[in-house]
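Below is one structure, written out as structure tokens; the observations come after it.
Convention: sequence-line order gives letters A, B, ...; per-chain numbering from 1. Side chains are part of it too, since the values below use all heavy atoms of this structure and drop only hydrogens, waters and symmetry mates.
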Amino acid sequence: MLQIENLRASIGGKEILRGVNLEVHAGEVHAVMGPNGSGKSTLAQVLAGRESYDVTGKVLYEGEDLLALSPEERAAAGVFLAFQYPVEIPGVGNLYFVRTALNSLRRQQGLDELDAIDFLSLAKERMRLVEMDESFMGRSVNEGFSGGEKKRNEIFQMAVLEPKLAILDETDSGLDIDALRVVAQGVNALRSEGRAMLVITHYQRLLDYIVPDVVHVFADGQIVRSGDKDLALELEQHGYADLEQRATLASAAAPVVGATS
Amino acid sequence: MTTTATTASPRGLAGLEPALNGHQPGWLGGIRRAGLEWVAEHGFPTLGDEDWKYTRVGPILDVPFQPAVGGMKHRLSASAIDGLAGDLGGTRLVFANGYFAPELSTLMALPEGTTVTSLASVLAGDAERLEPFLARPLSSQHHAFTALNAALAEDGAFIQIPPDATIAAPIHLVFVSDAGASPLVSSPRSVVHAGARSQATIVETHVGSGGVYLTNAVTEVILEDGAQVQHYKVQDEADTAFHLAALHVRPGRDSSFSTHALALGAAIARHEVWVKLEAAGAEVTLNGLYLPDGNQHHDNPTLIEHVAPRCTSRQLYKGVLGGHGRGVFNGHIVVGPDALGTDASQTNKNLLLSDTAEVDTRPRLEILTDDVRCTHGAAVGQLDEEAVFYLRSRGVPHQQARGVLTYAFAGEMLQLIGVGPLRSRVESKVAERLNREDTDRETFR
């Protein structure tokens, strides 16, 4: 579904992604773990189409050149980013926002738009998935939401928009254990054969709830190691410092580190 | 009794003289002469005038305007007025080129003793009734255009509401210009006199069917003690038009007045609001939304003079500026030495949609006493690119995302419109305008 080859991204002359290679197949959940500042979130933003980066390399999404698409075209093609810091939009109702988004996708996909009534019943059903109170529908997008409410709202949007490739950027950050459980439960309910997920996290604890098929360790703008879910546990024990050391050695020896699928 | 012949002047506005063909009382002749003399003596405002610092009137003075006259032919129908100005469900007085057009107007039953009619009809039949309103010097802030209105005005709305009367449906004053081939100036003068404890809603809509014209309007609202008046002003003139207007308000003791100015049209528009708080305990609210794009210029000067104690004034003006549009908010609050317990706030927020749009915001506060609470603030910003990306990442196309966010910024002002049919009408106008903004204006990336 997703093939990334030698992806590099820089901002203001500073290189953040330094040759990322990754392959994700439909149905798989990949975790990307790494210390703060290693470039994980940049990877998420670049995949979603953030325009502030200078990007080189190749990203194929379902065989198509993802980098050639605008953010809205990527969304229509089935790419979804759950933001690390969901944006507050005063004056735009949450329900209106999500319906506008869904109908924009449907229009780009050549489908009929959903009317307000059909949309409302869909929205209510998907809200239950993340145990979100209906009172959030009438409020402005993310305005005055707590950290946990914002993250639930991201997963709710994902549940409504039903992407093929979901990128969850630090969805666990700032969550208490109950909110983490609810968010993870929502994510797990959305796991399916046709859907791939890229779960970006700093902490191993999210992976207790969302069990990944593949774990990648990200350091200094690259994937330095890939393995199965046990790799996350290993990280938990030894920390990132040990790995970063290896990363330096690895990049000196072989600039392109093979990714696992 | 003075009767002056119409002068079609090659000198434009400066050469105009009253066109009145009928009779008029001597006191009115004096007012007209005084208006012309004022213009002759002081001339038209320049950028050197503090209150006109950001608005060049040269392009208006260059036009060889003819004054509109009563009984001119127009091509308008009641259904055309519905389309241009909307039907708000209550009494609607229509003025074509500044003159009352009874055939286009709708009169509804009103509480006994209420007068809703044309100024000209009162001048013709009962002129003395107008003397207390027209003979009073308008304002210390007199300028050539209000002086010219005093000299030239022959018609407009006259509304008098008896004490304790409540008029539920909005009274809609529609000023429609139909200039045709030659540039036309209309000078409507309206008076609203709300009796003690009376309640009413007045909506002024200014529209045009095209051509080059100038609307030079003055509206005066006098509230007796405890009266409550809501006023709305929709400036939706043709893009080729000029619109200069002054709203002067004198609130009585413990009265309450609100006005909401919505500026959509005209090439150059200036809507000035002047409130003199001379009676204790009055509350006034001044709201405004201006949306210049293309080459439009929207100027919004306000002056609130707190003279009496314990008055409250609230101002919230928002601007959305696109293309080469230019906006001005020039808000001036003066709190006099006796205005103890004054509570005044003034806020102006602007959203620039292009790098060629421009806004000048100038909140001014002069406080000559202690024991007051005054706040003011101004902000100028661009669309939040984080929010734009957030919407786009959800599949909303770039231009639509900008439109949604821009509309949200303006939406706060639209929600303040308390007249349902007017709100829907303005909402769709604003949405349409912001969509146009989306498609053919230079925008930030």
Side-chain angles (χ1 to χ4, degrees), chain A residues 44-53 69-94 96-109 111 113 140-143 150 153-154 156-158 160-163 165-167 169, chain B residues 287 289 291 316-320 347 349-351 353 355 377 379-417 423-424 426-428 430-431 433-435 437-439 443-445:
Chain A
Q45 299 260 321
V46 165
L47 292 178
R50 187 72 180 211
E51 284 160 346
S52 28
Y53 296 95
L69 303 180
S70 67
E72 53 270 35
E73 287 167 338
R74 297 182 199 197
V79 177
F80 177 90
L81 169 63
F83 280 56
Q84 180 179 6
Y85 302 110
V87 182
E88 297 192 10
I89 311 181
V92 177
N94 208 31
Y96 169 82
F97 166 67
V98 182
R99 182 155 79 98
T100 302
L102 179 63
N103 282 334
S104 296
L105 295 185
R106 291 179 67 95
R107 240 189 346 264
Q108 291 181 71
Q109 291 157 355
L111 300 171
E113 295 186 17
S140 290
V141 179
N142 294 322
E143 194 185 28
K150 284 180 180 169
N153 200 25
E154 294 294 289
F156 160 65
Q157 291 168 40
M158 170 176 151
V160 170
L161 302 178
E162 300 184 312
L165 172 66
I167 304 159
D169 188 9
Chain B
N287 293 321
L289 175 65
L291 307 158
L316 175 60
Y317 273 71
K318 276 191 167 184
V320 177
T347 305
K349 294 181 184 170
N350 298 283
L351 178 60
L353 296 177
D355 51 9
V380 181
Q382 294 157 19
L383 282 179
D384 176 2
E385 287 304 324
E386 289 286 319
V388 173
F389 178 62
Y390 191 55
L391 280 156
R392 295 180 74 189
S393 79
R394 296 299 180 254
V396 181
H398 193 183
Q399 295 303 341
Q400 192 189 346
R402 291 178 57 90
V404 165
L405 295 171
T406 308
Y407 190 84
F409 177 82
E412 181 187 1
M413 301 315 296
L414 302 176
Q415 279 159 24
L416 293 172
I417 303 175
R423 186 175 56 246
S424 328
V426 176
E427 278 172 351
S428 60
V430 171
R433 168 165 288 250
L434 298 181
N435 280 331
E437 183 74 45
D438 288 347
T439 51
T443 51
F444 284 113
R445 294 286 302 184

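- For the ring-ring contact (aromatic ring centres under 6.0 Å, His included) test, residues two or more places apart in sequence or in another chain that qualify with B:Y317 are B:F329.
- For chain B, the nearby part of A:N142 is the side chain; its heavy atoms alone come within less than 4.5 Å.
- For chain B, the nearby parts of A:Q45 are the backbone and the side chain; heavy atoms of each come within less than 4.5 Å.
- At a 4.5 Å heavy-atom cutoff, B:E412 makes no contact with chain A through either its backbone or its side chain.
- Within the 4.5 angstrom heavy-atom criterion, only side-chain atoms of A:R107, from C-beta onward, approach chain B.
- Contact of A:P90 with chain B is made through the backbone alone, with heavy-atom distances under 4.5 Å.
- Around atom OH of A:Y85, no more than 12 heavy atoms belonging to other residues, nucleotides or ligands sit under 6.0 Å away.
- With respect to the salt-bridge test (charged N to carboxylate O, under 4.0 angstrom), the residues A:K150 and A:E88 qualify.
- Of the listed residues A:E73, A:E154, A:R74, the one with more heavy-atom pairs under 4.5 angstrom with chain B than any other is A:E154.
- Contact annotation for A:V141: only side-chain heavy atoms (C-beta onward) come within less than 4.5 Å of a heavy atom of chain B.
- Applying the ring-ring contact (aromatic ring centres under 6.0 Å, His included) criterion to A:F156, with sequence neighbours excluded, gives no partner residue.
- Here the OG1 atom belonging to A:T100 is positioned 8.0 Å from the CG atom belonging to B:L391, to the nearest 0.5 angstrom.
- Minimum interatomic distance between B:V396 and A:S104 (heavy atoms only, all atoms of both residues): CA-OG, 3.7 Å.
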